[in-house]
Structure formats: C-alpha cells, structure tokens
Amino acid sequence: MAHRVFVTRELPGEGFASLLTDAAVEVDVWPQDGPPPRAALLERVRGVDGLVCLITDRVDADVLDAAGPQLRVVSAMAVGVDNIDVAECASRGIAVGNTPGVLTETTADIAWALILAAGRRIVEAAEYVKGGEWRTWSPTQLAGVDVHGATLGVVGFGAIGQAVARRAQGFGMRVLYWNRTARSDEAGELGAERRSFDDLLAESDFVSVNVALTDETRGLIDASALSRMKSSAILVNTARGPIVDEAALVEALREGRIAAAGLDVTAVEPLPMESPLLTMRNVVVLPHIGSASLSTRCKMADMAVANLRAGLAGGPLPNAVMV
Ligand code: DGY
C-alpha cells in the first residue's frame with residue numbers, strides 16, 4: 001500500500017517532482033500560497049505516514065494526535081525546528097528531519113546584506129532617490145558608519161555564525177564571538193576572539209544574532225542586553241525573531257541607545273503593518289529571506305524529501321534532529 005504524505009506547500013526541486021510521480025507515495029499538497037490554516041492542517045494530516053512542513057506550520061501534540069499513530073516522520077524544509085515539538089515526536093517514535101548545511105552560506109550572505117544596508121543606510125538612500133529627494137551632493141548626506149575595520153560580535157558561533165565571521169575577514173574587521181561552548185579551532189582559523197555575552201555586546205559595532213531559538217535563547221537580546229551595546233551599535237538578526245525582545249528593541253532605537261537594526265526575522269511573521277519598526281528610518285526589515293536563493297531552496301526541499309523518504313522506509317534520516 002502507498003505511504004500517505006501531506007506536504008504543507010508546493011516545493012521547488014527535483015526531489016519533490018519525483019515524489020509527485022512516485023506510485024509508492026500518495027502525496028497531498030496544500031495548494032495555496034500561504035500555510036494551511038490550523039483546522040486544515042489538523043484535517044489534512046489525518047492518517048498520514050509522513051508530513052513535510054515549513055517554518056510556518058506549528059507541529060505540536062495536537063497535530064500528531066490528529067495524524068494518528070502510524071505517523072513515522074516529520075520532515076522540515078528548514079534548519080530551525082522551533083515550530084516542531086521535537087521532544088513530543090521523539091516520545092512517540094516519530095523521526096524529525098531538517099536541512100542543515102545547505103543554507104549556511106546563503107543565510108550568511110543576507111546577514112551581510114543587512115550589516116551593509118543598516119550600516120551604510122542603503123535602503124534609506126534608495127528610497128531617497130526614488131522619492132525624488134536627491135537634489136544635490138552634500139558632505140554628510142546619508143552618511144552612515146564604516147563597516148570595514150569595525151568590530152563584529154557574533155552571537156552563536158555555529159555554522160552560520162562562522163560563515164558570517166568569515167566574510168568579515170574581507171572587511172578587515174575584528175571578530176568577537178559568544179557561544180555556549182568554546183569553538184577554539186574554528187575561531188582560531190577565523191581570527192575570532194571569544195567573549196562573555198556582556199563583553200561582546202559592549203565591544204561590538206555590529207552584533208549579528210546567529211543562535212537557534214530555544215527556551216534559553218528566547219528574549220536573549222532583551223532590554224538589559226541592548227543597554228550594554230554601544231549607542232552607535234547596529235543589531236542584525238537573521239536567526240529567529242523571538243530571540244530579540246522586540247518591544248525593548250523599539251525602545252532602544254527610539255531613545256538612540258543603539259543606532260540601527262537589520263532584521264530578516266521578527267517576533268511575529270509577517271511583521272504587522274502597525275509595528276513601530278516600519279516607521280523607523282534606521283531599521284531595515286526583510287521578510288525572512290535568509291535562505292532564499294532558488295538554488296538553496298531547491299537543495300533544502302531535496303533534503304526534506306530525502307528525510308521524508310528515509311523516514312517512510314523506517315530507516316535513519318540523513319539529517320535527523322535529536323532531542
Ligand atoms: C530555516 O531554515 O530555519 C530558515 O529560517 C528558513 O530557511
């Protein structure tokens with residue numbers, strides 16, 4: 001009998017295309033552009049053996065209950081799995097897969113796009129031109145801060161944090177990192193110095209957030225952390241929105257306690273249009289596009305399908321998430 005699978009969105013890549021034509025798998029794909037509403041998710045998972053989900057789908061005990069005891073695998077097309085109750089899956093013997101590695105460099109590119117955009121006021125400057133405000137050249141017009149030669153603080157020195165740090169070498173930056181465990185070998189190669197969390201915040205001109213969202217990192221960049229940063233510092237977050245206390249960030253920006261922010265992720269996504277962040281000239285917000293190059297998204301989808309297939313076959317996943 002064919003395995004039943006629900007995929008919460010149409011995916012790019014060859015793996016997904018081959019899944020659709022595989023007679024051994026009966027695939028139900030959510031046909032719309034947005035995520036399935038909660039009720040639809042609970043309905044569509046009923047009786048499936050495998051679920052392929054995105055970061056927009058909350059996979060908790062209710063979803064697992066709705067699916068039923070035959071569910072073998074939850075495969076995320078993402079590296080971050082904070083939307084999945086991994087412990088609950090493990091307790092039920094359901095494998096969870098993710099897509100690390102392939103998006104590392106692409107995400108680091110976006111962190112750098114934000115470092116440059118926020119530091120050199122790129123979005124503001126482009127809007128200035130499009131808005132017809134460019135009438136002359138003047139000495140301090142749209143003057144930002146230098147990125148080259150500045151100090152970059154990387155919060156979370158995993159693969160993406162290291163890729164962000166590697167790019168800083170080309171800009172002649174001093175690189176500091178904070179990580180739960182020392183990453184001496186990698187740091188040595190990249191010339192990065194380990195600091196306590198507080199010291200990193202106090203010394204950095206740019207702070208790049210690259211930790212995973214966990215119970216420990218939720219709200220890590222709170223009012224107290226922001227108060228330790230330089231008033232000229234720029235915060236860049238390409239990890240997960242809830243790592244930063246957004247209300248505290250708004251306050252800090254309003255009061256000039258930090259200079260600017262570049263955010264690829266926000267506490268609520270999509271960012272509500274009434275968010276004060278959208279009214280601030282010194283804030284660049286992107287719609288969670290860190291991994292959004294077509295090539296990387298195809299690789300992620302292929303990995304998600306490979307994890308799904310392995311899970312359906314009852315084997316170990318090529319990329320399994322452990323509790
Ligand atoms: C992830 O993979 O966790 C990103 O946030 C989306 O690519």
Side-chain angles (χ1 to χ4, degrees), residues 7-13 15-16 30 33-36 51-60 73-87 89 95-115 154-164 208-221 235-244 246 261-271 284-308 317-323:
V7 185
T8 64
R9 222 75 63 78
E10 200 164 312
L11 306 182
F16 180 63
W30 182 248
D33 229 9
L51 169 65
V52 180
C53 62
L54 308 185
I55 57 169
T56 45
D57 309 306
R58 183 159 47 87
V59 179
D60 56 12
V73 55
V74 173
S75 175
M77 184 189 145
V79 65
V81 289
D82 48 281
N83 57 315
I84 300 173
D85 190 337
V86 178
C89 288
V96 177
N98 71 340
T99 64
V102 290
L103 48 70
T104 299
E105 301 299 330
T106 308
T107 306
D109 287 347
I110 277 289
W112 265 88
L114 287 169
I115 288 170
V154 181
V155 174
F157 211 56
I160 298 175
Q162 289 170 36
V164 172
S208 173
V209 178
N210 299 106
V211 280
L213 175 62
T214 63
D215 288 344
E216 286 127 55
T217 62
R218 188 176 295 276
L220 179 70
I221 308 291
L235 179 73
V236 168
N237 185 8
T238 53
R240 285 291 185 269
I243 297 164
V244 175
E246 220 159 83
L263 309 171
D264 184 44
V265 289
T266 52
V268 175
E269 295 181 2
L271 181 64
V284 178
V285 185
L286 302 179
H288 203 144
I289 56 166
S291 63
S293 73
L294 193 55
S295 136
T296 291
R297 287 283 167 87
C298 287
K299 288 179 196 154
M300 290 166 69
D302 287 351
M303 281 174 85
V305 171
N307 282 331
L308 171 80
L317 310 194
N319 284 286
V321 179
M322 301 302 170
V323 190

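Note that ligands are numbered from 1 as they come in the structure, with each ligand's atoms numbered from 1 the same way. Positions are given from 1, in the same order as the sequence printed here. Below, all heavy atoms of this structure are taken into account, side chains as well, without hydrogens, waters or symmetry copies.
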For this session: Would you check whether A78 has a nitrogen or oxygen atom less than 3.5 angstrom from a nitrogen or oxygen atom of ligand 1?
Result: no
Exercise. Looking only at heavy atoms of M300, does any of them come nearer than 4.0 Å to an atom of ligand 1?
Worked result: yes
Seminar exercise, completed: Here the atoms of ligand 1 under 4.0 Å from any heavy atom belonging to V79 are 1 (C), 2 (O), 3 (O)
Problem set entry | Non-hydrogen atoms of V102 and T106 that approach each other most closely | O-OG1, 4.3 Å
Seminar exercise, completed: Residues N210 and G156: closest non-hydrogen pair is CB-O, 3.6 Å
Exercise. Do any nitrogen or oxygen atoms of G80 come within less than 3.5 Å of a nitrogen or oxygen of ligand 1?
Worked result: yes
For this session: Taking only heavy atoms of L103 into account, list the atoms of ligand 1 that are under 4.0 Å away from them.
Result: 2 (O), 7 (O)
For this session: Assess whether atom CD of E10 is packed by more than 12 heavy atoms of other residues, nucleotides or ligands within 6.0 Å.
Result: no
Exercise. Against heavy atoms of R240, which atoms of ligand 1 measure under 4.0 Å?
Worked result: 1 (C), 3 (O), 4 (C), 5 (O)
Problem set entry | Nitrogen or oxygen atoms of R297 and ligand 1 under 3.5 Å apart | no
Exercise. Would one find an N or O of H288, backbone or side chain, under 3.5 Å from an N or O of ligand 1?
Worked result: yes
For this session: Quick one: closest heavy-atom pair of N98 and N307, and the distance?
Result: O-ND2, 2.9 Å
Exercise. What atoms of ligand 1 come closer than 4.0 angstrom to any heavy atom of S291?
Worked result: 6 (C), 7 (O)
For this session: Kindly indicate whether the side chain of I55, heavy atoms from C-beta on, has any atom under 4.5 Å from the side chain of H288.
Result: yes
For this session: Return the minimal non-hydrogen interatomic distance between C53 and V74, and the atom names on each side.
Result: SG-CG1, 4.0 Å
Problem set entry | Check: T56/R9 side-chain N/O donor and acceptor closer than 3.5 Å | yes
